[in-house]
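Step one of this worksheet: look at the structure below.
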Amino acid sequence: MSKKTTKQEQIKDASQGLRGTISAGLHEVATGAIAEDDQYLVRFHGTYLQDDRDVRGERTKKRLEKAYSFMIRVRIPGGVVTPAQWLALDRIASDYANGTLRLTTRQTFQYHGVIKSNMRRTMQAIDAALLDTLAACGDVNRNVLATCNPHLSSAHAEALDLARKLSEHLLPETGAYHEIWLDGEKVETQKASGASDAEPIYGKHYLPRKFKTVVAVPPHNDVDIFAQDLGFIAIVEKDRVVGYNVTVGGGMGMTHGEPDTFPRTADVLGFCTPAQAVDVGEKILTVQRDWGNREVRKHARLKYTIEVRGLDAFRSEVETRLGFRLGAPRPFAFNSTSDPLGWSKSADGKWHLGLFVENGRVKDRPEHTLRTALREIALIHKGEMICTANQNVIIAGATAAAKKKIDAILTAHGVSIATSSGLRRNSMACVALPTCALALAESERFLPELVTALEDSIERAGLRDDDIVIRMTGCPNGCARPYLAEIGLVGRGPGLYNLYLGAAFDGSRLNKLYAQDVDKARIVFLLDPLLLAYATDRKDGEYFGDFVVRTGIVKATTAGNLFHAEVQPVSA
Ligand code: SRM
Ligand code: SF4
């Protein structure tokens, strides 16, 4: 290995197929943690060592070890689970985690608060539910997303099928996952080739950085395709997918004060047939494997490879490896990144309920026992439960009789299908404190109260039912994709956020910094007149993000990509 490569590259190199000393570390009872290098390696197995930041200061004062526990992320391509799997996952939350399920922005579940001595039991319980956590984190292809819901059309079912195939094909082959967590037992969802360490796709060093793939069925962009490393846009004719426009180079993460790190929307690379899609995905991944920056981790994502090498050179290398040329992109149009909430009926006669889950946290609160309600629904439901990339859940494929029962269960548990406003319906926050090690500010625990405060302005402006996308993160890494929100808030420090405005409602244009280091009162103060102006001066059907651009509230200096433009915030 070159000496110039990052520490993470050296750890992968020495890891013996992602084993490191994880197994030994799990048996070490003197600490709730694991060795530092293993903390990086366990990510490939779908888990992170964390500590409870709410008690960190107090424990340091008392000279106690940090309150360590693990976050575990399940791999669920397309976010689709059976009711039986939901019940199993729910049980695990009580048995081993903090009693909540956290639906993520990438169509899956996370557990928080799993202590080391419960780690293997938890992984085995996930395995028993015929699920796994392999490659849910780490420098590999992550959970693959698909536009919800396979009942809606054959094209939606094909999109889910492709997401599953891509996820399966791009899984690491190491037997370490079996050995460490399952005692060599077979994981049903792992590659049939099983415990080989050869890693024909990844090689010994895996990827330079995480890699994220989605499949979208226009006009719904619920998977936020332009935020992803690799995307497939279904081109549908007569209800069948005739091929995919392939997108590359999207990503959200940046670092405050480092302008050579930035969010970027993906480019359309070309067109492929359904039969070519998995191969195209593999070759794009391998070009990034070989061309990605392994010396500066902050520049290691595919978006920087594309910026440095150029889209044409990238396409040409992909085509050389494929042995054929990609076709010219076909026309497509997205209209929204939101989820269809409420009840709807598909052509197959089945009912589907899109249920808003505030910031994805499935838990019981007094008067709003959502977790119990979903458990009771899973007990009577015969269809699917689908996690969305907006942290919501779709109870899909219900019969008319089940629909009545589901409504009754929700009512009994104080769960309303309606949300208090279009702003809340389109709100999303990352986890942040107390579990995320990188959080600079609150997010999940703060956004609901900020939305409540903004609902006063919304009410006065007569915008209660209007869809306005608001997203918050506790740091600039962008886990709730805030740079693609009409109103984006990004944590800078305790109680302080950067305010971004002007992304497109269909997810195709980034927003732009509007105000720096603003607190709750200032955010409300700044947004109140803009919301009132929007209500009075908007054109027919104009979205808030488009309005602030058209009226010059934020100024676009390059087409499509506001964020890349020179950043000139108004003074806070
Ligand atoms: Fe994320 C790191 C949570 C989606 C960009 N993300 C983290 C970690 C693991 C913090 C850490 O490294 O210590 C967070 C764990 C918090 C916790 O306590 O649970 C975390 N990310 C999340 C989730 C749970 C947010 C949520 O509230 O739903 C999402 C889990 C998705 C999943 O199921 O796989 C989540 N993260 C995203 C997304 C959105 C997406 O992929 O569509 C992004 C932006 C897209 C992208 O990747 O560019 C995202 N997360 C990051 C980054 C910045 C990456 C970069 O290129 O700079 C980090 C930090 C890092 O990797 O170094 C990060
Ligand atoms: Fe943590 Fe930052 Fe991601 Fe929020 S955006 S979960 S604070 S890494």
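All residue numbers in this chain count up from 1 along the given sequence.
Defined by atom type and a distance below 3.5 Å, a donor-acceptor pair is missing between the side-chain atoms of Q110 and T104. Inspection of the N221 and T337 side chains reveals no N or O donor paired with an N or O acceptor under 3.5 Å. Y177 and T133 share a side-chain donor-acceptor pair at under 3.5 Å. Using modelled atom types, one finds a donor on one side chain and an acceptor on the other under 3.5 Å when comparing R75 with S167. For the residue pair D13/H205, the side-chain donor-acceptor check at 3.5 Å is satisfied. Looking at H169 and E282, their side chains do bring a donor and an acceptor atom within 3.5 Å of each other.
Note on K283 versus E319: no salt bridge recorded, every NZ/NE/NH1/NH2 to OD/OE distance being 4.0 Å or above. Ion pairing between R361 and E444 holds under the 4.0 Å rule for side-chain N and carboxylate O. In this structure, K210 does not pair ionically with D139, as no charged nitrogen and carboxylate oxygen lie closer than 4.0 Å. Ion pair K303/D229 not flagged as a salt bridge, since none of the NZ, NE, NH1 or NH2 atoms sits closer than 4.0 Å to an Asp/Glu carboxylate oxygen. A salt bridge does not link D224 with R106: every distance from a Lys NZ or Arg NE/NH1/NH2 to an Asp or Glu carboxylate oxygen is 4.0 Å or more. The pair R321-E317 meets the salt-bridge criterion, since a charged nitrogen lies less than 4.0 angstrom from a carboxylate oxygen. Between K298 and D260 no salt bridge is recorded (no basic side-chain N to carboxylate O distance below 4.0 Å). Under the 4.0 Å criterion applied to side-chain N and carboxylate O atoms, D312 and R315 are assigned as salt-bridge partners.
Here the side chain of T399 pairs a donor or acceptor atom with the backbone of A402 at under 3.5 angstrom. A donor-acceptor contact shorter than 3.5 Å is absent between the side chain of T265 and the backbone of R509. Using a distance-only test at 3.5 Å, with no hydrogens or angles considered, a donor-acceptor pair links the side chain of Q288 to the main chain of A300. For the pair E486 (side chain) and V469 (backbone), a donor-acceptor distance under 3.5 Å is present.
In this structure, R330 forms a cation-pi arrangement with F271, its terminal cationic atom sitting closer than 6.0 Å to the ring centre and no more than 45° off the ring axis.
Residues H352 and H151 bring their aromatic ring centres within 6.0 Å.
Tested against L230, the residues V246, V280, L302, V214 include a single side chain to side chain contact (heavy atoms under 4.5 Å, CB included) partner, V246. Considering I394, V223, V357, D222 in turn, I394 is the only one that fulfils the side chain to side chain contact (heavy atoms under 4.5 Å, CB included) rule with T388. Each of D339, N426, T105 was scored for a side chain to side chain donor-acceptor pair (under 3.5 Å) with N390, with one residue passing: D339. When each of V393, I406, N392 is paired with L355, the side chain to side chain contact (heavy atoms under 4.5 Å, CB included) condition holds for V393 and for no other. Exactly one residue among Y202, Y206, W181 makes a ring-ring contact (aromatic ring centres under 6.0 Å, His included) with F44. That residue is Y206.
Here OH of Y40 is found 6.5 Å from OG1 of T6. Values are rounded to the nearest 0.5 Å. To the nearest 0.5 angstrom, R294 atom CZ is 6.5 Å from L207 atom CG. To the nearest 0.5 Å, atom NZ of residue K165 and atom CG of residue L160 are 10.5 Å apart. Once rounded to the nearest 0.5 Å, the distance linking CZ of R142 with CZ of R73 reads 5.5 Å. Here CG of L41 is found 6.0 Å from CG of L18. Values are rounded to the nearest 0.5 Å. Between atom OG1 of residue T5 and atom CD1 of residue I11 there is a gap of 10.5 Å, rounded to the nearest 0.5 Å.
The two residues V548 and G502 make their nearest non-hydrogen contact at CG2-CA, 3.5 Å. Between A227 and L484, the shortest heavy-atom distance links the atoms CB-CD1, 3.7 Å. Across all their heavy atoms, A378 and P83 have their closest contact at O-CB, 3.2 Å. Across every non-hydrogen atom of W291 and A313, the tightest pair is CH2-O, 3.6 Å. The nearest pair of heavy atoms linking G292 to P208 is CA-CG, 3.7 Å. Residues P482 and G478 share a closest heavy-atom pair of CD-CA, 3.5 Å.
Note on ring orientation: taking the six-membered ring where Trp is involved, the planes of F262 and Y304 are perpendicular (angle over 60°, cut-offs 30° and 60°).
In R240, the CZ atom is not crowded: 12 or fewer heavy atoms of neighbouring residues, nucleotides or ligands sit closer than 6.0 Å.
Listed by chain and number, the residues in a ring pair (Phe, Tyr, Trp, His ring centres under 6.0 Å) with F332 are F334 (sequence neighbours excluded).
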(message) Checking F70 against Y48 for the ring-ring contact (aromatic ring centres under 6.0 Å, His included) test, could you report, in this order, the C-alpha distance in whole Å, the side-chain angles of both residues, the deciding distance, and whether it holds?
(response) CA-CA 5 Å; F70 288 78; Y48 267 72; 9.9 Å; no
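In this structure, the side chains of N149 and L152 come closer than 4.5 Å at one or more pairs of heavy atoms.
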